Every structure is written in C-alpha cells, then in structure tokens.
Amino acid sequence: QVQLVESGGGLVQAGDSLRLSCLVSGGTSSLYVMAWFRQAPGKERVFVASISRSNPYLDYADSVKGRFTISRDNAKNVVYLQMNSLKPEDTAVYYCAADEALYGSRLRHSYDYWGQGTQVTVSS
C-alpha cells in the first residue's frame, strides 16, 4: 500500500519561500506520476503541479507558473514543491498525490493515492 507523507508547511510572510516534501513509502516513487494539489478554506481542491514518471514532463497551474517548481528525487522516494514569492492567496492545505499513469493530470480523480496534507499560511 503506497503511503504519502507531506512535510514542510508553515506560516510565512508574503514574498518568502517554502519547500514542501512528499515522502513515498510502500512503493517506488519512480513508478508513479506525482502531483501537488491545494485546498483553500471553503474552496475545492485544485491542481498545482505535476511531474511525470521519467524524462520529466512538468505541468503547472497558471497561478503558480514561474514561482513554484516541482521536482523529484527517485533515489530518496521524495517529491518536492519549491514555492517562491509566496502570496496570501497561496494559503491552503497542500496535498501530495500519486498515480501509476505515465503522465500527470490536472484532475483530482486521476490520482489513486493521497497524503494527509500540510498547511501553508502566507501572511500579508
């Protein structure tokens, strides 16, 4: 059973940076396409970024393009989300997701495995 555990969230000021990590256990991360989603209070969970299994194809939501970077270290079974120039509107619970597909999707239902989430709060 694949398990995902996020870490790295916290309270920061606008303009600061954070790096989220997602540790994959119970499976080999290189066999999964990985993604980050986020859910703000009272809103739906939405796509942030994804990285394909190999020859990494990266995809980003328009709202984070140029500020966030997704990457993976398959040797460590970890996926990262580097978040720079954070804005108050980036405040949300961030979730890591995984699927056995080759390429990522922006759709929540495309992912079979989810972490519990990590809170990111950006103050103005």
Side-chain angles (χ1 to χ4, degrees):
Q1 179 73 18
V2 173
Q3 292 186 323
L4 309 177
V5 178
E6 304 95 335
S7 62
L11 171 63
V12 297
Q13 294 186 332
D16 286 350
S17 298
L18 275 177
R19 188 177 77 162
L20 305 183
S21 300
C22 174
L23 177 64
V24 181
S25 62
T28 303
S29 65
S30 61
L31 298 180
Y32 300 93
V33 63
M34 304 296 297
W36 289 94
F37 285 73
R38 67 185 182 186
Q39 187 167 15
K43 296 187 177 181
E44 293 187 350
R45 193 174 300 186
V46 297
F47 171 80
V48 175
S50 68
I51 183 168
S52 62
R53 289 168 59 178
S54 59
N55 293 326
Y57 175 79
L58 310 179
D59 188 25
Y60 296 96
D62 288 344
S63 59
V64 306
K65 197 172 295 183
R67 299 188 299 123
F68 291 11
T69 302
I70 188 171
S71 62
R72 65 194 304 162
D73 185 337
N74 288 334
K76 297 181 178 180
N77 276 351
V78 178
V79 176
Y80 302 102
L81 184 69
Q82 178 67 44
M83 306 186 295
N84 297 330
S85 302
L86 283 162
K87 305 176 181 179
E89 50 263 45
D90 294 319
T91 295
V93 177
Y94 283 72
Y95 296 91
C96 178
D99 191 73
E100 294 174 343
L102 289 176
Y103 293 97
S105 168
R106 296 187 173 200
L107 303 177
R108 285 186 302 168
H109 67 257
S110 297
Y111 295 88
D112 290 331
Y113 306 101
W114 292 85
Q116 293 300 306
T118 185
Q119 176 71 47
V120 172
T121 304
V122 184
S123 63
S124 58

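In this text the structure is predicted, and so the values were computed from the model without any measurement. As a basis for the values below, the full set of heavy atoms in this structure was taken, side chains included, without hydrogen atoms, waters or symmetry mates.
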Can [Y] be reached from [X] by stepping across I, L, V, M, F, W or Y side chains whose heavy atoms are under 4.5 Å apart?
X   : Y   : value
V64 : M83 : yes
L58 : Y32 : yes
V5  : V2  : no
Y60 : W36 : yes

Just verifying a value: how many Å separate [X] [atom1] and [Y] [atom2], rounded to the nearest 0.5 Å?
X    : Y   : atom1 : atom2 : result
E100 : L31 : CD    : CG    : 8.0 Å
D73  : Y80 : CG    : OH    : 5.0 Å
S71  : I51 : OG    : CD1   : 6.5 Å
L23  : L4  : CG    : CG    : 8.5 Å
S25  : N77 : OG    : CG    : 8.5 Å
L81  : M34 : CG    : CE    : 11.5 Å

So Y113 and Q3, side-chain contact (heavy atoms from CB on, under 4.5 Å) or not? Walk me through it. CA-CA 7 Å; Y113 306 101; Q3 292 186 323; over 6 Å; no

Hey, does the side chain of [X] reach the backbone of [Y] with a donor-acceptor pair shorter than 3.5 angstrom?
X    : Y    : value
Y111 : V33  : no
T28  : S30  : no
E6   : Q116 : yes
T121 : L11  : no
S50  : A35  : no
R108 : E44  : no

Can you name the residues that form a ring pair (Phe, Tyr, Trp, His ring centres under 6.0 Å) with F47, not counting sequence neighbours? F37

Please tabulate, for side-chain N and O atoms in residues 85-93, each donor-acceptor pair with protein atoms closer than 3.5 Å (sequence neighbours left out).
{"unit_1": "D90", "atom_1": "OD1", "unit_2": "R38", "atom_2": "NH1", "d": "2.9"}
{"unit_1": "D90", "atom_1": "OD1", "unit_2": "R67", "atom_2": "NH2", "d": "3.0"}
{"unit_1": "D90", "atom_1": "OD2", "unit_2": "R67", "atom_2": "NH1", "d": "2.7"}
{"unit_1": "D90", "atom_1": "OD2", "unit_2": "R67", "atom_2": "NH2", "d": "3.4"}
{"unit_1": "D90", "atom_1": "OD2", "unit_2": "K87", "atom_2": "N", "d": "2.8"}
{"unit_1": "T91", "atom_1": "OG1", "unit_2": "P88", "atom_2": "O", "d": "2.9"}
{"unit_1": "T91", "atom_1": "OG1", "unit_2": "V122", "atom_2": "N", "d": "2.9"}
{"unit_1": "T91", "atom_1": "OG1", "unit_2": "V122", "atom_2": "O", "d": "3.4"}

If you apply the rule side-chain contact (heavy atoms from CB on, under 4.5 Å), what do you find for Q39 with Y95, and how did you get there? CA-CA 8 Å; Q39 187 167 15; Y95 296 91; 4.0 Å; yes

Close side-chain approach of V78 to R72, heavy-atom, < 4.5 Å: no

Between R45 and W114, is NZ or CZ placed under 6.0 angstrom from the six-membered ring centre and within 45° of the ring axis? yes

How are the rings of Y94 and F68 set relative to one another: parallel (under 30°), tilted (30 to 60°) or perpendicular (over 60°)? tilted

Identify every side-chain donor-acceptor pair in residues 12-22 under 3.5 Å, counting partners at least two apart or on other chains, and give the distances.
{"unit_1": "D16", "atom_1": "OD2", "unit_2": "Q13", "atom_2": "N", "d": "3.1"}
{"unit_1": "S17", "atom_1": "OG", "unit_2": "N84", "atom_2": "OD1", "d": "2.9"}

